[in-house]
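On a predicted model such as this, the values are computed, not experimentally measured, just so you know. Residue numbering restarts at 1 for every chain, and letters A, B, ... go by the order of the sequence lines.
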Number of protein chains: 2
Amino acid sequence: MPARDQRTTITQVANAAGVSIQTVSNVIRGRGRVGEATRERVAKVISELNYVPHPGASSMRSNRTGQLAHPMPPQSFEPTNNINVEFIRGLVAAAATHGYHVVLTRSDGDPEEIAELCRSGRIDGFVFTGMQPDDLRMETAHRLGMPFACFGRTAPDLPQAWVDIHNADGTDEATTLLIDTGHRRIAFLGHESPYFWDAERRDGYLQAMARAGLQSRVALCGSTDKDIEAAARKLLGRGRPSAIVCSSDRLAVALYAEAGRRGIEVGKELAITGFDDWIVGRNLSPALTTVSTDLHDIAGRVVDRFLTELAGPTDAPGEFVPVELLRRGSA
Amino acid sequence: MPARDQRTTITQVANAAGVSIQTVSNVIRGRGRVGEATRERVAKVISELNYVPHPGASSMRSNRTGQLAHPMPPQSFEPTNNINVEFIRGLVAAAATHGYHVVLTRSDGDPEEIAELCRSGRIDGFVFTGMQPDDLRMETAHRLGMPFACFGRTAPDLPQAWVDIHNADGTDEATTLLIDTGHRRIAFLGHESPYFWDAERRDGYLQAMARAGLQSRVALCGSTDKDIEAAARKLLGRGRPSAIVCSSDRLAVALYAEAGRRGIEVGKELAITGFDDWIVGRNLSPALTTVSTDLHDIAGRVVDRFLTELAGPTDAPGEFVPVELLRRGSA
DNA sequence: CTGAAAGCGCTTACAG
DNA sequence: CTGAAAGCGCTTACAG
């Protein structure tokens, strides 16, 4: 492994610059008092020798690894979950900005996996996503004193440090758009689920309908393809609404398929809005009007929050990130 | 940071088991000669104390970090690229099987980023994907003596250790299906591109057509939405074929849209096959018949290949992984 | 402002 | 079969 034999060490840098290794360390970490001339000389040598401090050695004394674990819950792998890649991209970018590397791990929700990572000395903390209502991962990290931040919330009494989107705003905006374009019989199609976000998205719809003095109609369905298809069939049957606000793009896609079977033209005879800006919705004809979230931005905020927690646990409240309604052909 | 103060060390394990730290190390690494009774006693203590060796300390002597970098090229973030999540999932799982962690990094193709990772002592090697014809990343890793393995191939004269899918087989199979179901005027729609796989997918089509004694018709287009739309328009204009083999699902989706505009019914009046099993194709009506690759399996093979390279660079040839034709509604 | 010493937790030779 | 010693490359705390 030549790469390792050729490794430049702090000692070589110190010798070449004519200073002690301690001064080199100070220059790198921006600590202690180092004269300007010395600093420049050392920096020059570091760059010339392509010196990179050994993270393993560094972590032994500093208790910092410069690594962040992102345990991906199983549902983030489901093809219907679209947020993963964009979020990960943002996470890696934001982490890099602060000199952090992202270690990707699998997580089936078993807190023991989290505990082992806490004990491993491999990471400085976690970024969690896809939390379940009874998720034990955050509690485990908290108990073992490992900093973390979450995209999304869990039960209010559990430890968390969250950034989340404003779900109700999204469906409120979508519903309002439909009302403003003349629709009156507007239904909501959502999931029966234990998740916060499902309830919040429904509430946004209800709130906009109430404000306009319109009668609301909420349909909820299970999460299997069959459940969704059945709900779509019923909703587009006799007495169908002229517009439907969906709690997710996946539901909207099912409505497109059902509308196709019935010869109902989406965008003309039936308006549909989604939520998530899933790639599938973008490729439908007409393209789906949907509520989009800036996952890149969110990832940056989650990393910021993680760094805050790393500096010292806080009771800081969570942070809501605004959503954006993308108007396309379907509404 | 309680997690770190509470850290169990090899010394604590050694004391509790009544052996030297060296023996504990031997038990963990399965090295040296350790008596059966001693091994069991030590293993019990390790498990009781939840001992995990400190990877930083370990890496200083062993030159092994147990970490693998996966630099994600920018195109893997494009929404039209579907392989990323599935592959990463498989990569993390396969790496974990061998005690490896995956460090995700961004890569804009700049070899200096790769060089810095090589020098960092943070990783034992790379898994590359999305290679460009003039990709300098593998060469850089090779020059710095860092082991790596690739999903996909690059120019034959460059260092590489690859696993790839059998592209020609896929389009050959798709074309043969169309021939077997009675089609005679079958066109191919592909990308003008410098990539291996585009040429190979075209060749599979040509080969199947030649075997059946049919006349082939190849249409190629650029990579922008506009280019693709123009190609679809032309292909579905006057004298259109009865079936089209596409080099990617993205192209197939564009054909669906164009067919929709012209009132041509896909699956009845026009057969279409894709390549990639993109989530969008699965959600079209009718669902797209396409060539699918088992990315989970491929990731496992790439990790195997990486471990081979880690044990000592080889000139072992690359490995082809079979593809599978998924027959759905469109053909 | 700079440096000599201690020590982080391991693994690698090597001695017995 | 097992252990005492050396040392991996850093950072910390402290002395000057």
*Can you name the one residue among Phe151(A), Phe87(A), Phe128(A) that meets ring pair (Phe, Tyr, Trp, His ring centres under 6.0 Å) with His70(A)?*
Phe87(A)

*For the side chain of Val19(A), counting heavy atoms from C-beta on, which of dT11(C), dT11(D), dG3(C) is nearest?*
dG3(C)

*Kindly point out which of dC10(C), dT12(C), dT12(D) is positioned nearest to the side chain of Thr9(B)?*
dC10(C)

*Could you state the atom-to-atom distance from CD1 of Ile28(A) to C1' of dC10(D) in whole Å?*
9 Å

*Just to confirm, is there a sub-4.0 Å distance from OP1 or OP2 of dT11(D) to any side-chain nitrogen or oxygen of Ser58(A)?*
yes

*If you round to the nearest 0.5 Å, how far is NE2 of His296(B) from OG1 of Thr293(B)?*
12.5 Å

*dG9(D) P sits how many Å from Arg119(B) CZ, rounded?*
17 Å

_Just the rounded figure in Å: distance from C1' of dC8(C) to CD1 of Ile21(B)._
13 Å

*Pick the nucleotide of DNA chain D nearest each of Val52(A) and Thr23(B); which residue has the one closer to the 5' end?*
Thr23(B)

*asked:* Heavy atoms only, 4.0 Å cut-off, all strands: where does Thr38(B) land among base, sugar-phosphate and nothing?
replied: sugar-phosphate

*Using only side-chain N and O atoms of Arg64(A), determine if any of them is under 4.0 Å from OP1 or OP2 of dC8(C).*
no

*Over all heavy atoms of both residues, which pair between Ile123(A) and Leu117(A) is shortest? Give the atoms and the distance, please.*
CG1-O, 3.9 Å

_Heavy atoms from C-beta onward define the side chain here; which of dT2(C), dT11(C), dT11(D) lies closest to that of Ser62(A)?_
dT11(D)

*Would you call Glu36(B) and Arg41(B) a salt bridge, using N to O less than 4.0 angstrom?*
no

*asked:* Distance check needed: dC1(D) P versus Glu36(B) CD, whole Å only.
replied: 10 Å

_From the set dC10(C), dG9(D), dT2(C), return the single nucleotide nearest to any side-chain atom of His54(A)._
dG9(D)

*Ser25(B) vs dT11(C): side-chain N/O to OP1/OP2 distance below 4.0 Å*: yes

_Steps toward side chain to side chain contact (heavy atoms under 4.5 Å, CB included) verdict (Thr105(A), Met72(A))_ = CA-CA 6 Å; Thr105(A) 65; Met72(A) 295 192 287; over 6 Å; no

*Would you mind reading off the distance between Asn15(A) atom CG and dG3(C) atom C1', rounded to a whole angstrom?*
13 Å

*Which heavy atom in Ala94(B) sits nearest to a heavy atom in Val303(B), and how many Å separate them?*
CB-CG2, 3.7 Å

*Among dT12(D), dC14(C), dC8(D), the nucleotide that comes nearest once only the side chain of Gln22(B) is considered*: dC14(C)

*For Tyr51(A) and dC10(D), what is the distance between atoms OH and P respectively, to the nearest whole Å?*
3 Å

*asked:* In whole Å, I'd like the distance from the CD1 atom of Ile10(B) to the P atom of dA5(D).
replied: 17 Å

*asked:* Applying the Watson-Crick and G-U wobble criteria at under 3.5 Å, what pairs with dA4(D)? Answer none if nothing qualifies.
replied: none

*With respect to the side chain of Arg29(A), which nucleotide from dG9(C), dT12(D), dG9(D) is positioned closest?*
dT12(D)

*Taking atom C1' of dA13(D) as reference, at what distance in whole Å does atom CZ of Arg33(A) sit?*
14 Å

*State which of dC8(C), dT11(C), dT2(D) makes the closest approach to the side chain of Arg61(B).*
dT11(C)

*Sort out the partner of dA13(D) for me: Watson-Crick or G-U wobble, both distances under 3.5 Å, none otherwise.*
none

